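Got a structure for you, questions after.
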Amino acid sequence: MSMDAPVPLLDLKAQFAGIKDEVMAAVARVFEEQSFILGPHVARAEQDLAAFTGAKHALGVSSGTDALLLSLMALGIGPGDGVITTPFTFFATVGSIVRLGARPLFADIDPLTYNLAPQEVERLLARRDLPARPKAMIPVHLYGQSADMGPLLELARRHNLMVVEDGAQAIGAVYPGPAGNASLGTLGHTGCFSFFPSKNLGGAGDGGLITSADDELAARLKSMRTHGSHPNEKYRHIHLGGNFRLDAVQAAVVAAKLPHLSAWSEARRQNAADYDRLFQESGLVARGKVVLPHRAWPQVPESHVFNQYVIRAARRDQLMAALGQAKIGHAVYYPIPMHLLECFAGLGGAPGDLPVAEKAAKEVLAIPIYPELSMAQKERVVQAVADFYKG
Ligand SMILES: *Cc1c(COP(=O)(O)O)cnc(C)c1O
């Protein structure tokens, strides 16, 4: 690689080159069988994903967004209900709450991990002036690192809240609890995952997964995924559901890729460790220009699957312009905290409400972390960042 070759933020072609035969064979089987709706490929993917996540039930759905929406629907969240969540997440977390007529109740994030801060949730729950009664909580495992589930679940238990984990960025990661490592998606009433192509386990289009340990809830989710149908009788609808199915082509792709996921997560962690070392050696950390991603549980590497490697950077927007010039992929996840989005203006959020999230939105920057990244590419990324701060 020449020293000025572009480094993309994500290179799905590099991944596909190594698995093309397996993926195309799986897709071909779906076409041979002409079985596109649910059927054996979806069932097989669900079995494999249940085994992989350690969840009792795994249900393929149409997207990560729909996993969240359907979870909240099946838990009976509706108009007037409050749902505690983070303002520093992808839109879908909060969009799914508001679409049901429920009200997001934002608690600020931890400045090191960017995940929901348990002490902020506790403070929120102590308030007497909440605009809605809290019924549920959606912790997000942002960037691939587990939220601090122990204290969050304890608060949920004390306040009788249902818990929906947004694990869209964190499939395969664990929460290191007192009883050992727990797979994400097995801690809440449901766990929600996404097969959007840029996620760690990406399909060839949209797809998602809901995990649950609860038999009754799983049966309701399964019914609601197909218009609330009765399990055995056609055209008898027992719930108000919708079309939330995972399609068979996506299921086949995801099942073909799943055996590689652990190795890909390990490669992402290795890339993260290499970046840490390169940034330390560059002097940028000591000079306060760059803050490295914080591992909440450094003794348990599996607690982070690095869907993103996110630094905090001084003069972030100028650095982005320099990286653009150098053809180095980068992105901001996320530039506007949810309470300041124009579409949620009706909720009355204002600048200053959630200062930790607002500051993070101005400073964070994701750089390439995909598994196939070479050492030369990582060195080039860090060099380009160092070059910017030399000027
Ligand atoms: C990607 C993502 C989603 C939505 O998943 P889709 O499959 O794109 O609908 C939800 N929450 C978070 C945190 C995400 O990163």
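Because the structure is predicted, anything quoted here is derived from the model rather than measured. We count ligands from 1, going down the list as the structure has it; atoms in each ligand are counted the same way.
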Determine whether a donor-acceptor pair (N or O, by modelled atom type, separation under 3.5 Å) exists between the side chain of Arg268 and the backbone of Phe306.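 It does hold such a pair.
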N/O pairs closer than 3.5 Å, ligand 1 and protein:
| residue | atom | partner | partner atom | Å |
| --- | --- | --- | --- | --- |
| ligand 1 | 5 (O) | Ser194 | OG | 3.3 |
| ligand 1 | 7 (O) | Gly64 | N | 2.8 |
| ligand 1 | 7 (O) | Ser194 | OG | 2.6 |
| ligand 1 | 9 (O) | Gly64 | N | 3.4 |
| ligand 1 | 9 (O) | Thr65 | N | 2.8 |
| ligand 1 | 9 (O) | Thr65 | OG1 | 2.5 |
| ligand 1 | 11 (N) | Asp166 | OD1 | 3.3 |
| ligand 1 | 11 (N) | Asp166 | OD2 | 2.8 |
| ligand 1 | 15 (O) | Gln169 | NE2 | 2.8 |
| ligand 1 | 15 (O) | Lys199 | NZ | 3.0 |

Please output the side-chain donor-acceptor pairs of residues 132-141 that fall under 3.5 Å, not counting sequence neighbours, one pair per line with the distance.
| residue | atom | partner | partner atom | Å |
| --- | --- | --- | --- | --- |
| Lys135 | NZ | Asp81 | OD1 | 2.7 |
| His141 | ND1 | Ala147 | N | 2.9 |
| His141 | NE2 | Glu165 | OE1 | 2.8 |

Step by step, would you call Gln280 with Asp276 a side-chain hydrogen bond (donor to acceptor under 3.5 Å, both in side chains)? CA-CA 6 Å; Gln280 292 287 2; Asp276 285 358; over 6 Å; no
Which residues satisfy the side chain to side chain donor-acceptor pair (under 3.5 Å) test with Ser146, sequence neighbours excluded?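 Not a single residue meets the side chain to side chain donor-acceptor pair (under 3.5 Å) criterion with Ser146.
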Taking it one step at a time, do Arg220 and Glu216 satisfy salt bridge (charged side-chain N to carboxylate O under 4.0 Å, His left out)? CA-CA 6 Å; Arg220 190 153 64 242; Glu216 199 192 321; 3.7 Å; yes
Suppose we screen for side chain to side chain donor-acceptor pair (under 3.5 Å). Which residues come up paired with Lys289, at least two apart in sequence or across chains?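 By the side chain to side chain donor-acceptor pair (under 3.5 Å) rule, Lys289 matches no residue at all.
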